[in-house]
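What's counted below: heavy atoms across the whole structure, side chains too, no hydrogens, waters or symmetry copies. All residue numbers in this chain count up from 1 along the given sequence. Just follow the structure's listing: the first ligand is 1, and inside any ligand the first atom is 1.
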Amino acid sequence: MNDDLASRRAMLFERLDSVDTAPLWAVMSKLVTPKPQPRSVPAKWSYAQMRDLLLEAGVLITAKEAERRVLILENPGLRGHSQITQSLYAGLQLIMPGEIAPSHRHAAAALRFVIEGEGGYTAVDGERISMQPGDFILTPSWTFHDHGNAGDVPVIWLDGLDVPIVNMFDASFAQSYPDGDTQAVTRPEGDALARFGCNLVPLEYTPAGQSSPVFHYPYARTLAALNQLEKQGNWDRWHGIKLQYTNPINGAYPMPTMAAFIQKLKAGFDGARYRSTDATVYCVKDGSGYTMIGETRIEWRQGDVFVTPSWAYVAHHASTDTVLFSFSDRAAQKALGLWREEYAEEPSGGSSSAEEICRP
Ligand code: GTQ
């Protein structure tokens with residue numbers, strides 16, 4: 001390029017800049033990338049370490065003063081943004097015996113996966129349910145919710161929220177419950193599960209919103225399903241035995257933005273590589289093993305949380321019988337027509353016999 005052209009271009013750039021304009025050709029390859037370029041990286045939060053830190057927070061601030069006593073899990077590639085992935089927030093929440101986390105509601109939707117403790121409860125939209133380890137619980141957008149602990153041990157769970165999506169749209173609203181710390185309980189425990197979670201619905205029921213009317217998915221039921229399928233033994237080479245939580249009304253994901261999954265991996269499971277555009281947050285319900293995320297090896301055990309970035313190859317390896325919970329923004333991506341996945345053919349540890357391992 002001759003000097004004259006270069007200087008005329010530079011002058012144009014300055015004039016563009018002065019009127020809040022920029023030339024596409026200077027940024028095109030960064031802007032419209034041939035494949036995902038996530039800022040998030042593979043990472044793990046060890047439960048042993050997080051639990052100590054949470055319990056220390058437990059003596060320094062009450063749940064009530066904090067409103068929510070949560071340690072935010074920040075992706076090392078996204079520090080300072082309260083994000084575990086580009087689109088999702090995750091945190092570990094602690095409620096000590098006798099404590100209450102006051103009722104509020106927000107545009108952001110939340111999901112919870114209980115890690116430890118008996119006696120915790122959460123109230124959503126007038127129904128209070130007790131939380132057991134392994135339970136999956138929804139707090140759909142704009143539903144009042146408060147938490148408490150009526151037992152005598154700390155209760156800890158993983159929170160997943162779509163806050164970064166809500167804020168990307170500048171659509172955040174939040175408010176406290178207008179009438180005290182805890183919302184009025186208007187329905188008995190188990191009401192939603194009886195009405196909507198037993199392959200039945202109320203007569204001539206018309207869905208009211210976009211989220212599942214079942215907001216409590218007890219682990220006992222989830223585990224029974226996994227164990228029944230395990231008897232049949234058709235382990236998927238990539239995912240073991242993997243199921244997705246559903247809105248029983250329409251088979252959709254439980255909430256419009258987030259999908260959640262549960263999977264069982266038998267001891268010795270040596271999974272093949274898989275990738276998808278939904279960066280995924282995992283929580284180890286039981287078991288131990290490691291996951292290869294691209295070239296990064298992440299060792300995990302019970303309670304650990306780890307994250308896989310968008311479009312990185314993921315392969316799970318279980319040392320002992322394992323159950324993994326996970327969630328992602330797959331619901332939002334699919335609703336927008338963006339979601340992609342890819343199965344790599346061979347298991348990373350060599351080929352396995354077709355009898356043992358096949359796609360269901
Ligand atoms: O339990 O309502 O981790 O509002 C972050 C924001 C939990 C909750 C979080 C919240 C909550």
Closest approach of Arg39 to His81 (non-hydrogen atoms, all atoms of both residues) = NH2-NE2, 3.9 Å
When every non-hydrogen atom of Pro42 is compared with those of Pro309, the smallest separation belongs to N-CG, 3.5 Å
Is the closest side-chain donor-acceptor distance between Glu99 and Asn149 under 3.5 Å?
-> no
Examine the side chains of Gln302 and Tyr47 and answer whether a donor and an acceptor come within less than 3.5 Å of each other.
-> no
Does Lys242 make a cation-pi contact with Phe261, if we ask for NZ or CZ under 6.0 Å from the ring centre and within 45° of the axis?
-> yes
Quickly, which of Ile72, Ile115, Leu53 forms a side-chain contact (heavy atoms from CB on, under 4.5 Å) with Leu92? Name it, please.
-> Ile115
Return the protein residues near ligand 1 (heavy atom under 4.0 Å from any of its atoms), ordered by chain and residue number.
-> Arg68, Val70, Tyr89, Gln93, His104, His106, Arg112, His145, His147, Asp159, Leu161
